[in-house]
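Lettering of chains follows the sequences in order, A, B, ..., and the numbering in each one begins at 1.
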There are 2 protein chains.
Amino acid sequence: MADQPEKRGVTFREIKSDLLERIAAGEWAADGIVPGEVELAAEYGCARATVNRALRDLAEDGVVERKRRAGTRILAQPVRKARFDIPISRTEIEATGARYRYALVDRAIVEAPDWLRARLALDRGAHVLHLTCMHYGDGAPFQFEDRWINLSALPKAESQNFEAQGPNEWLVETVPYSDAEIAFSAIGASPDVAEHLSCDPNTPLFRIERTTWWQDVAITHVALMFRPGHRMTTRY
Amino acid sequence: MADQPEKRGVTFREIKSDLLERIAAGEWAADGIVPGEVELAAEYGCARATVNRALRDLAEDGVVERKRRAGTRILAQPVRKARFDIPISRTEIEATGARYRYALVDRAIVEAPDWLRARLALDRGAHVLHLTCMHYGDGAPFQFEDRWINLSALPKAESQNFEAQGPNEWLVETVPYSDAEIAFSAIGASPDVAEHLSCDPNTPLFRIERTTWWQDVAITHVALMFRPGHRMTTRY
DNA sequence: CAGTGGTCTAGACCACTGA
DNA sequence: CAGTGGTCTAGACCACTGT
């Protein structure tokens with residue numbers, strides 16, 4: 001290929017945004033199939049790898065779906081994918097410029113209640129460490145944390161008192177890069193939580209629940225209740 | 001490294017998971033800097049592009065941070081990134097196997113209220129189309145939709161009656177691939193919403209708010225209130 | 001200003017899967 | 001079973017930025 005040395009080669013970003021425009025313009029609306037990588041590479045005068053990179057990006061964004069033999073199909077109703085950073089509460093609070101404070105509310109070793117046993121696949125009679133904690137921003141209640149740690153999977157949690165360091169930070173240092181399931185929902189403040197968050201009982205609170213595994217063993221389950229009015233935001 | 005030279009080449013996935021283990025094991029805990037791509041490529045006996053792909057993935061997962069001259073630094077507290085698919089309500093409901101039904105509750109063209117003008121950067125006196133709709137799954141209330149459409153950006157919305165097709169589906173077909181800001185929160189059901197969702201007023205509801213732009217022009221703002229107890233879930 | 005990651009190329013083989 | 005995407009290679013130049 002005697003490339004004209006005019007341009008350094010098309011970038012995958014240019015290809016991606018050009019493809020987006022052409023898709024939006026309905027260029028391939030007939031069958032909804034984008035031309036193959038080889039054809040597009042010829043059209044753009046670039047290597048196939050570059051087109052591949054662009055198309056892979058579009059697939060990650062949920063705009064198209066790629067299958068080996070079938071080609072690249074445009075999704076009729078693009079699945080919008082939003083990404084959220086799930087920060088540690090300290091980080092989240094300090095990012096706003098506020099002073100962070102942590103406090104342990106309660107710490108107890110108990111038999112796992114049934115709902116938790118079911119969720120973490122624990123044996124009957126298994127013991128767990130139950131912690132409740134508060135996170136403050138500039139002295140004001142920010143988040144109430146209700147955490148359960150599987151002691152058979154993480155026995156050394158028992159020797160931690162969690163008075164200076166919150167369980168979240170400790171766990172991130174101790175069991176990094178685990179798998180997790182996360183759920184967002186709304187819940188009314190229980191009398192206990194309401195008192196800690198300085199709000200009325202039954203106030204609607206935004207809640208994050210997260211269950212974490214390490215190599216298919218359940219490590220911990222946590223519910224985070226935010227102060228009233230909290231919004232979790234992202235762009236996509 | 002006793003690599004068999006016969007092997008088809010290390011895959012970037014293998015490298016990625018190996019790097020994860022080594023990071024977790026604290027191999028580079030001293031300065032928190034992973035060796036450069038060239039060095040790692042030599043170590044794994046593969047091309048630099050392969051290592052690059054692995055490291056790029058790790059950066060996308062929020063495990064490391066990459067800067068040109070500085071190298072690849074391990075993030076002390078990995079920023080967990082969760083991805084959510086933001087489906088259209090029809091898709092969300094039908095995915096559960098339930099029968100989907102849509103109903104328009106109200107449709108009106110009004111002057112934009114102040115809070116909306118601020119959010120969408122509208123001119124004073126701008127007119128918007130205000131729609132409220134219900135989405136049902138197997139006949140039961142699933143979601144209440146409170147939508148505002150910027151008529152100056154999307155005049156043809158005025159000629160839609162939105163009685164058969166919901167605004168969400170119409171918008172996705174009409175203005176695909178726009179930018180958006182999304183927020184999750186909890187809110188108490190207003191009397192009106194409570195009636196449509198068949199719950200008591202002030203019941204905590206999970207809410208998604210989304211504002212959408214196309215080329216820096218605000219198109220629409222929507223608040224979606226889900227039936228009580230709704231959980232939005234993902235793995236990461 | 002030198003070193004690191006960012007990206008592109010041209011070519012190759014492979015894995016999957018739909019016709 | 002043939003065509004498409006998935007991935008790897010070996011090499012190159014470039015852009016950015018810390019020292």
Which helical stems does DNA chain C take part in, if a stem means at least 3 consecutive Watson-Crick or G-U pairs with both distances below 3.5 Å?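 For DNA chain C the paired stretches long enough to count as stems (3 pairs minimum) are C:1-18 with D:1-18.
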Is B:R235 positioned over the aromatic face of A:W213, cation under 6.0 angstrom from the ring centre and no more than 45 degrees off axis?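 Output yes; distance and angle both within limits.
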Cationic tip of B:R90 above B:Y100 ring, under 6.0 Å, 45° of axis: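 No, a cation-pi geometry is absent between B:R90 and B:Y100.
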Please determine whether a side-chain nitrogen or oxygen atom of [X] lies at a distance below 4.0 Å from atom OP1 or OP2 of [N].
| X | N | result |
| --- | --- | --- |
| A:R53 | C:dG6 | no |
| A:T50 | C:dT7 | no |
| B:N52 | C:dG6 | yes |

So does [X] pair up with [Y], basic N to acidic O under 4.0 Å?
| X | Y | answer |
| --- | --- | --- |
| B:R231 | A:E209 | yes |
| B:R22 | B:E43 | yes |
| B:K16 | B:E21 | no |
| B:R66 | B:E37 | yes |

Which atom of B:N150 lies closest to which atom of B:A218, heavy atoms considered: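 B:N150 and B:A218 have their closest heavy atoms at ND2-O, 2.9 Å.
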Can you pull out the residues from residues 65-72 of chain B that lie within a 4.0 Å heavy-atom distance of DNA chain C?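 Correct list: B:R66, B:K67, B:R68, B:R69, B:G71, B:T72.
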Could you tell me the separation between the [atom1] atom of [X] and the [atom2] atom of [N], rounded to a whole number of Å?
| X | N | atom1 | atom2 | value |
| --- | --- | --- | --- | --- |
| B:L19 | C:dG5 | CG | P | 12 Å |
| B:L55 | C:dT7 | CG | C1' | 15 Å |
| B:I74 | C:dG5 | CD1 | C1' | 16 Å |
| B:E60 | C:dG5 | CD | P | 17 Å |
| A:E39 | D:dT4 | CD | C1' | 12 Å |
| B:E37 | D:dT9 | CD | P | 13 Å |
| A:I33 | C:dG18 | CD1 | C1' | 12 Å |
| B:F12 | C:dG6 | CZ | P | 16 Å |

Check every atom of D:dT7, D:dT9, C:dG5 against the side chain of B:A47 and return the nucleotide holding the closest atom.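 Nearest to the side chain of B:A47 among the choices is D:dT9.
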Picking from C:dA12, D:dC8, C:dT7, which would you name as closest to the side chain of A:R48?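 Among C:dA12, D:dC8, C:dT7, the one nearest the side chain of A:R48 is C:dA12.
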What nucleic acid atoms does B:R73 come within less than 4.0 Å of, heavy atoms only: base, sugar-phosphate, or nothing?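 The answer is nothing, as B:R73 stays clear of every strand by at least 4.0 Å.
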Validation: residues 141-148 of chain B side-chain donor-acceptor distances under 3.5 Å, sequence neighbours left out:
unit_1 : atom_1 : unit_2 : atom_2 : d
B:E145 : OE1    : B:H135 : NE2    : 2.6
B:E145 : OE2    : B:R147 : NE     : 2.7
B:E145 : OE2    : B:R147 : NH2    : 3.1
B:D146 : OD1    : B:H130 : NE2    : 2.6
B:R147 : NH1    : B:T220 : OG1    : 3.1

Neighbour count >12 (heavy atoms, 6.0 Å) for atom CG, B:N161: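 Yes - once you tally the heavy atoms of other residues, nucleotides and ligands closer than 6.0 Å, there are more than 12.
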